[in-house]
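Notes follow the structure.
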Amino acid sequence: MECSFINESSSNSISPSPANRLPEKRPFAGALERMEVESRKLPSSQYKGVVPQPNGRWGAQIYEKHHRVWLGTFNEESDAAKVYDVAARRFRGHDAITNFKPTNSGNDLETHFLNSHSKGEIVDMLRKHTYDDELEQMKRNSGGRKRMSDGFSDSGREKEREQLFDKAVTPSDVGKLNRLVIPKQHAERHFPLQIGSGCKGVLLNFEDAGGKLWRFRYSYWNSSQSYVLTRGWSRFVKEKGLKPGDVVSFQMSTTPEKQRYIDWKPRKINSSNNSRAYMAEQPVQAVRLFGVNIFKARGRSNA
DNA sequence: CGTTGTGTTGAT
DNA sequence: TCAACACAACGG
């Protein structure tokens, strides 16, 4: 069958989405058309940085440089607006234009909290709706200790390994389904698969940090339109004791053999593994005082 | 499957 | 920079 790897093909064109608008307006019968369009139109928000969602909920977003940073979805329009405000202060300073409070003095605890975390960490909290909790917790420990980058983005040695991508595993990824969804973007870039014609997938070998070899079935599920690792995955989950939020990391050797590697890291405390531009930057200085890295200890059965 | 949040365009 | 719009990709 044709279910073999595409040999590191070069042209992985991103989705060709023309995104065309309505056809064209005929001279007359335009009234009905306009009514239809009007009826399916989403209500715009009165708040800055807040956009409606098709299901009646509200999204929050902020722009930096030329890129949108998504801040999550919320049931209440005002909640989304508050979240935007937090992001605005972190991204643009305490004088940023916001939806609600004009801004505080600038020396309060929340400002300190904001400046003690990277943009990526703040965005993560906002998206997960944990910002208020984290802020309160920080206030309780008035010491303001923080778990910083905790060496997550792999300060590291890629002697002959090239980092391909990370994924924070979902509950489903570590559940009973025996499958790991590979985000399509990464799957098609790094693990191209010959699709169509009833492809049952291929076997992929990975070497873990301990040198142990793992073999997973890799295929495309038409039902969910997802690339997945299936057979063999559950054993990896079990042996490593993977929990939701833990991050699996994929590498590949730069040598011609193209050996693949798989590794994992514990769930990140604050920030995500996302590595966008706004993620890269570190919190503003000032809290050099708390240079304490805290690693969460969690019972883990490992071999 | 229902929902997210990304791709994209066009305004300001 | 910003929101409107459409919908592919995602999680469960």
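Residue numbers begin at 1 in each chain, while the letters A, B, ... track the order of the sequences.
Going from atom CG of A/Asp124 over to atom P of B/dG5 covers 11 Å, rounded to whole Å. Atoms CZ (A/Phe91) and P (C/dT1) sit 11 Å apart, rounded to a whole Å. Taking atom CD of residue A/Gln61 and atom C1' of nucleotide B/dT8, one finds them 12 Å apart after rounding to whole Å. Rounded to a whole Å, the CH2 atom of A/Trp221 is 14 Å from the P atom of C/dG12. Here the P atom of nucleotide B/dT4 and the CZ atom of A/Arg68 are 14 Å apart, to the nearest Å. Look at CD on A/Gln185: it is 11 Å from P on C/dA9, rounded to the nearest Å.
Using a 4.0 Å heavy-atom criterion, one finds that A/Pro54 contacts the bases of the nucleic acid, with or without backbone contacts as well. Residue A/Gly49 is classed as a sugar-phosphate contact, given heavy-atom separations below 4.0 Å to backbone atoms only.
In terms of polar N and O atoms assigned as donor or acceptor, the side chain of A/Arg179 comes within less than 3.5 Å of the base of C/dG12 in a complementary pairing. Remark: the A/Gln53 side chain and the B/dG5 base include a donor-acceptor N/O pair separated by less than 3.5 Å. Remark: the A/Tyr227 side chain and the C/dA9 base include no donor-acceptor N/O pair separated by less than 3.5 Å.
Each of A/Pro171 and A/Gln225 has a nearest nucleotide on DNA chain C; the 5'-most of these lies closest to A/Gln225. When the nearest nucleotides of DNA chain C are assigned to A/Ser45 and A/His66 by heavy-atom distance, the more 5′-ward of the two goes with A/His66. Taking for each of A/Tyr63 and A/Arg57 the nucleotide of DNA chain B with the nearest heavy atom, the 5'-most of the two is the partner of A/Arg57.
Residues A/Phe74 and A/His129 place their aromatic rings such that the two centres sit under 6.0 Å apart.
Minimum atom distance to the side chain of A/Lys184 is reached by C/dA9, of the listed C/dA4, C/dA9, B/dT4. Of the candidates C/dA9, B/dG5, C/dT1, B/dG5 carries the atom nearest the A/Trp70 side chain, counting heavy atoms from C-beta on. Side chain of A/Pro183, nearest nucleotide from B/dT6, C/dC10, B/dT4: C/dC10. Here the nucleotide nearest the side chain of A/Asn55, chosen from C/dA4, C/dT1, B/dT3, is B/dT3. Nearest nucleotide to the A/Val181 side chain, out of C/dA9, C/dG11, C/dA4: C/dG11. When distances are taken from the side chain of A/Ser224 to each of B/dT4, C/dG12, C/dA9, the shortest belongs to C/dG12. The A/Thr73 side chain lies nearest to B/dG5 when the options are C/dA9, C/dA3, B/dG5.
Partners of A/Glu110 under the side chain to side chain donor-acceptor pair (under 3.5 Å) rule, at least two apart in sequence or in another chain, are A/Tyr131. Partners of A/Asp133 under the side chain to side chain donor-acceptor pair (under 3.5 Å) rule, at least two apart in sequence or in another chain, do not exist in this structure.
Residue A/Arg57 qualifies as enclosed at atom CZ: its count of foreign heavy atoms under 6.0 Å is above 12. Counting non-hydrogen atoms of neighbouring residues, nucleotides and ligands closer than 6.0 angstrom, the CZ atom of A/Arg92 exceeds 12 such neighbours.
Not one side-chain nitrogen or oxygen of A/Ser172 sits closer than 4.0 Å to the OP1 or OP2 atom of C/dG11. Not one side-chain nitrogen or oxygen of A/Thr170 sits closer than 4.0 Å to the OP1 or OP2 atom of C/dC10. Contact between the side-chain N/O atoms of A/Ser44 and the OP1/OP2 oxygens of C/dA4 is found at a separation under 4.0 Å. In terms of phosphate contacts, A/Arg127 brings a side-chain nitrogen or oxygen within less than 4.0 Å of OP1 or OP2 of B/dG5.
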